[in-house]
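First the structure, in the form of structure tokens, and then the observations on it.
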There are 2 protein chains.
Amino acid sequence: MAEDYVELIAELIETRGEARPVEIAERLGVKPPTVTKNISRLKAAGLVRREPYRAIFLTDAGQDLAEICRRRHRVVVAFLLSLGIDEETAERDAEGIEHHVSGTTLEAFERRLNQK
Amino acid sequence: MAEDYVELIAELIETRGEARPVEIAERLGVKPPTVTKNISRLKAAGLVRREPYRAIFLTDAGQDLAEICRRRHRVVVAFLLSLGIDEETAERDAEGIEHHVSGTTLEAFERRLNQK
DNA sequence: GTAAAAAGTTAGACATGGCTAACTTATCTA
DNA sequence: TAGATAAGTTAGCCATGTCTAACTTTTTAC
């Protein structure tokens, strides 16, 4: 869960300037109370900083994790696309696959991408 | 969950002659009570047949699902191996990845395997 | 500047999947 | 065949992640 959240929060801050629960809820396909609860958990885990009713920010640890996740996500999507898979499917499958790809496998994906 | 269980049950029946909770627990890395509970759920879902304290059998629906899962598992592992990933990592990653691979992506994997 | 709308939170419920402790049933073995 | 061991179950707990209903806070728009 944490990975999906920090990844999305980083993206929202970059593209929208800030990360708001309502946006997160829409993007993840969950309801606002779920986001509230999960953001509290991320805060407890030291990944986000946040005051009630305000926008959400990533801590340094959160940013590091987000960076790793986003990079991995990009590699997985690019790899699937390189197999001729359509963009929508590649995005959807990557969302599920990325959390189970070891460093070894990720490197193999990158090697394959580079050698083409 | 169901997929991991029926896949393993099918494999145990094939290699050991029967599927026993203690084996399932070991292979999945969980404790026996967890297996008991999950087997009840599989029974409720119509995937397995079973009397208390006896071995576990797959229903027709369970066998169909197991067949799909095992075939998909084999494809994912073979694909990872074809990328030069070591067997242990391929098995471990496949376990996580296989549940998130769409039909489209699975076909892409197979295409790639066949064209080599 | 206030009232309405939007956003966010709290409380409480539910399903899933895991655990330990304690018990029952089955199997093995002396 | 009886006692010990192994296997399986039951009961009850916990964490995660989801939801709805009701409430509060913030923002927006007159």
Side-chain angles (χ1 to χ4, degrees), chain A residues 1-13 15-59 61-62 65-66 69 92 95-100, chain B residues 1-13 15-59 61-62 65-66 69 92 95-100:
Chain A
M1 180 275 289
E3 297 195 342
D4 284 332
Y5 274 74
V6 297
E7 196 175 333
L8 177 52
I9 289 165
E11 191 195 314
L12 288 174
I13 288 173
T15 63
R16 288 281 211 289
E18 61 177 16
R20 284 280 173 185
V22 67
E23 281 276 340
I24 295 172
E26 274 163 24
R27 288 283 297 269
L28 296 181
V30 299
K31 303 293 180 186
T34 302
V35 174
T36 297
K37 189 179 282 190
N38 286 332
I39 293 298
S40 317
R41 294 203 249 242
L42 295 184
K43 189 176 173 182
L47 294 170
V48 308
R49 204 157 12 89
R50 129 76 146 184
E51 322 292 298
Y53 298 99
R54 298 313 192 52
I56 299 147
F57 299 94
L58 293 172
T59 61
L65 180 58
C69 292
R92 193 161 29 72
E95 211 65 61
I97 289 173
E98 59 183 8
H99 303 295
H100 304 277
Chain B
M1 181 275 288
E3 297 195 342
D4 284 332
Y5 274 73
V6 296
E7 197 176 332
L8 177 53
I9 290 165
E11 191 194 313
L12 288 174
I13 289 172
T15 63
R16 290 280 211 288
E18 61 177 16
R20 284 281 173 185
V22 67
E23 281 275 340
I24 295 172
E26 274 162 25
R27 288 284 295 267
L28 296 181
V30 299
K31 302 293 180 187
T34 302
V35 174
T36 297
K37 188 181 284 190
N38 287 332
I39 293 297
S40 317
R41 295 203 249 245
L42 295 184
K43 189 176 175 181
L47 294 170
V48 308
R49 205 159 12 90
R50 128 85 142 179
E51 321 293 296
Y53 298 98
R54 298 310 191 55
I56 299 148
F57 300 95
L58 293 172
T59 61
L65 180 57
C69 293
R92 193 161 29 71
E95 211 64 62
I97 289 173
E98 60 184 7
H99 303 295
H100 303 277

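Within every chain, numbering begins at 1; the chains are lettered A, B, ... in the order of the sequence lines, protein sequences first and strands thereafter.
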Taking atom types as they are modelled, would you say the side chain of Lys37(B) forms a donor-acceptor pair with the base of dG18(C) within the 3.5 Å cutoff? yes
Atom CG of Leu42(B) and atom C1' of dT16(C) are separated, to the nearest Å, by 13 Å
Nearest listed nucleotide, side chain of Tyr53(B), among dT16(D), dT25(C), dG17(C): dT25(C)
Return the nearest nucleotide to the side chain of Val22(B); candidates are dT18(D), dA7(D), dT9(C). dA7(D)
Just how far, in rounded Å, is P of dA26(C) from CZ of Arg54(B)? 7 Å
How far does CE of Met1(A) sit from NZ of Lys37(A), to the nearest 0.5 angstrom? 11.0 Å
Give the rounded distance in Å between these two atoms: CD1 of Ile56(B) and C1' of dT9(D). 13 Å
Considering heavy-atom distances to DNA chain D, does Tyr5(A) or Glu23(B) have its closest nucleotide positioned more toward the 5' end? Glu23(B)
Closest to side chain of Arg50(A), choosing from dT18(D), dT9(D), dG8(C): dG8(C)
Between Arg41(A) and Pro52(A), the residue closer to the 5' end of DNA chain D by nearest nucleotide is Arg41(A)
Straight-line distance of Glu11(A) CD to Arg16(A) CZ, nearest 0.5 Å: 9.0 Å
Pro21(A) has its side chain closest, among dT20(C), dT9(C), dG17(C), to dT9(C)
Rounded to the nearest Å, what distance is computed from the CD atom of residue Glu26(B) to the P atom of nucleotide dG8(D)? 10 Å
Nearest to the side chain of Pro33(A), heavy atoms from C-beta on, is which of dG18(C), dT20(D), dG17(D)? dT20(D)
Nearest 0.5 Å, please: how far is CD in Glu23(A) from OG1 in Thr15(A)? 7.5 Å
Distance, rounded to the nearest Å, where Asn38(A) contributes CG and dC19(D) contributes P: 10 Å
If I take atom CD1 in residue Ile39(B) and atom C1' in nucleotide dT9(D), what distance separates them, rounded to the nearest angstrom? 13 Å
Any side-chain heavy-atom pair from Leu47(A) and Arg41(A) closer than 4.5 angstrom? no
Check the distance between dT18(D)'s P and Met1(A)'s CE and give it to me in whole angstrom. 8 Å
Hey, does Arg20(B) reach any base, or is it just sugar-phosphate, or nothing, if we go heavy atoms under 4.0 Å? sugar-phosphate
Quick one: Lys31(A) NZ to dA13(C) C1', roughly how many Å, whole number? 17 Å
Is Thr34(B) near enough to dG17(C) that one of its side-chain N or O atoms lies under 4.0 angstrom from OP1 or OP2? no
Give, for atom CG of Leu12(A) and atom CZ of Arg27(A), the distance between the pair rounded to the nearest 0.5 Å. 6.0 Å
